[in-house]
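Have a look at the structure below before the remarks.
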Amino acid sequence: MQSKAATPQEYLNGLEPDRKQALEQICSAIKQNLPDGFQEQMTYGMLGYVVPHSLYPKGYHCDPKLPLPFLSVASQKNFIALYHMGIYAKKDLYEWFVAEYPKHCKTKLDMGKSCIRFKKVSDIPYELIAELAGKMTVQDWIDCYESAFTKS
C-alpha cells in the first residue's frame with residue numbers, strides 16, 4: 001500500500017494515531033543512530049532513508065534518476081514494515097539481526113529478504129532498530145551495493 005504523500009511529515013500525519021506514534025518512534029530511533037550522509041525522503045510511497053545523488057551520482061541501478069535506497073518504513077494494511085537493504089545484502093548483518101531479535105522480542109521474527117514485519121505496535125523493538133540503523137555508514141552501503149547489485 002503506497003502513500004501519495006509528498007513529504008515524510010505528510011505521510012505520518014495521514015496515519016491512524018497508534019500507527020503514527022509507532023512510526024514516529026521508529027523514525028526517531030533511525031534518525032538518532034543513522035550515520036551522517038543518509039537523507040530522509042519519500043521513496044516508493046514510504047518513508048525512506050537514501051544515499052542522495054550528491055554522494056552517489058550513479059543513483060539506483062533500476063532507475064538512476066532515483067537516489068540509492070537503503071532503509072524504508074511503511075504502515076501496511078496488517079503490519080508495520082521496516083525494509084533494510086543491508087540485511088538483504090550482507091549475510092553477517094542478517095545473522096547478527098536474527099540472533100539479536102529474540103533478545104528484544106518475545107514474538108517470532110517475521111521477516112522476508114529485506115522486510116521485517118511488526119503485526120503489533122507493542123512488539124516493535126525500538127532499541128534494536130536503533131542499533132541496526134547505526135550498523136552501516138553511507139560508504140559501507142555504497143561499497144556493499146556496488147559489489148552485490150551492479151554489473152561490472
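Because the structure is a prediction, the values reported are computed rather than measured. Quick note: residue numbers are just sequence positions, from 1.
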Subject >> Ile142 vs Leu68, side-chain contact (heavy atoms from CB on, under 4.5 Å): CA-CA, chis, key distance, verdict >> reply: CA-CA 8 Å; Ile142 290 170; Leu68 180 62; 4.3 Å; yes

Could you state the interatomic distance from [atom1] ([X]) to [atom2] ([Y]), rounded to the nearest 0.5 Å?
X     : Y     : atom1 : atom2 : answer
Asp92 : Ile87 : CG    : CD1   : 11.0 Å
Tyr49 : Leu71 : OH    : CG    : 7.5 Å
Tyr44 : Tyr83 : OH    : OH    : 13.0 Å

So, for [X] and [Y], which heavy atoms are closest and what is the spacing to 0.1 Å?
X     : Y     : result
Met85 : Pro69 : CG-O, 4.1 Å
Leu47 : Cys27 : CD1-SG, 3.4 Å
Pro64 : His61 : CD-O, 4.1 Å
Pro67 : Pro52 : CB-CA, 4.1 Å
Val51 : Leu55 : CG1-CB, 4.0 Å
Gln76 : Ala81 : CG-CB, 4.2 Å

Original post:
Do Tyr11 and Ser75 have side chains that get closer than 4.5 Å, going by heavy atoms?
Top reply: yes

Subject >> Val73 side chain near Met46 side chain, heavy-atom distance below 4.5 Å >> reply: no

Subject >> Stepwise side-chain contact (heavy atoms from CB on, under 4.5 Å) check, Met136 with Lys90 >> reply: CA-CA 10 Å; Met136 293 183 85; Lys90 286 192 63 144; 3.6 Å; yes

Is [X] atom [atom1] crowded by more than 12 heavy atoms from other residues, nucleotides or ligands, each under 6.0 Å away?
X     : atom1 : value
Tyr94 : OH    : no
Gln9  : CD    : yes
Glu95 : CD    : yes

Original post:
Judged by atom type as modelled, is there a donor-acceptor pair below 3.5 Å linking the side chain of Arg19 to the main-chain atoms of Ala74?
Top reply: no

**OP:** Evaluate side-chain contact (heavy atoms from CB on, under 4.5 Å) for Lys135 paired with Phe97, printing each intermediate quantity in order.
**Re:** CA-CA 10 Å; Lys135 290 281 186 187; Phe97 186 81; over 6 Å; no

**OP:** Return the set of residues passing salt bridge (charged side-chain N to carboxylate O under 4.0 Å, His left out) with Lys103 (not counting sequence neighbours), or none when no residue passes.
**Re:** Glu100

Original post:
Does Glu10 have any salt bridge (charged side-chain N to carboxylate O under 4.0 Å, His left out) partners at least two apart in sequence or in another chain, and if so, which?
Top reply: none

Subject >> Residue that, paired with Leu23, satisfies side chain to side chain contact (heavy atoms under 4.5 Å, CB included) out of Val121, Leu15, Leu82 >> reply: Leu15

Please list all pairs passing the salt bridge (charged side-chain N to carboxylate O under 4.0 Å, His left out) test where one or both residues lie in [range], with sequence neighbours left out.
range            : result
residues 45-72   : Lys58-Glu146
residues 112-125 : Asp110-Arg117, Asp110-Lys119
residues 36-51   : Lys31-Glu40

Original post:
Do the side chains of Val50 and Leu12 join up, straight or via other hydrophobic residues, at under 4.5 Å, putting them in one cluster?
Top reply: no

Original post:
Under a single-linkage definition using a 4.5 Å side-chain heavy-atom cutoff for Ile, Leu, Val, Met, Phe, Trp and Tyr, are Ile30 and Phe79 assigned to the same hydrophobic cluster?
Top reply: no

**OP:** Could you tell me how the ring of Tyr56 sits relative to the ring of Tyr145: parallel (under 30°), tilted (30 to 60°) or perpendicular (over 60°)?
**Re:** perpendicular

Subject >> Stepwise side-chain contact (heavy atoms from CB on, under 4.5 Å) test for Ile129 and Phe118 >> reply: CA-CA 12 Å; Ile129 291 169; Phe118 303 105; 4.1 Å; yes

Subject >> ring-ring contact (aromatic ring centres under 6.0 Å, His included) involving Phe70 - partner list, sequence neighbours excluded >> reply: Phe38, His84, Trp141

**OP:** Applying side chain to side chain donor-acceptor pair (under 3.5 Å) between Ser28 and each of Gln25, Gln32, Glu24, report the one that passes.
**Re:** Gln32

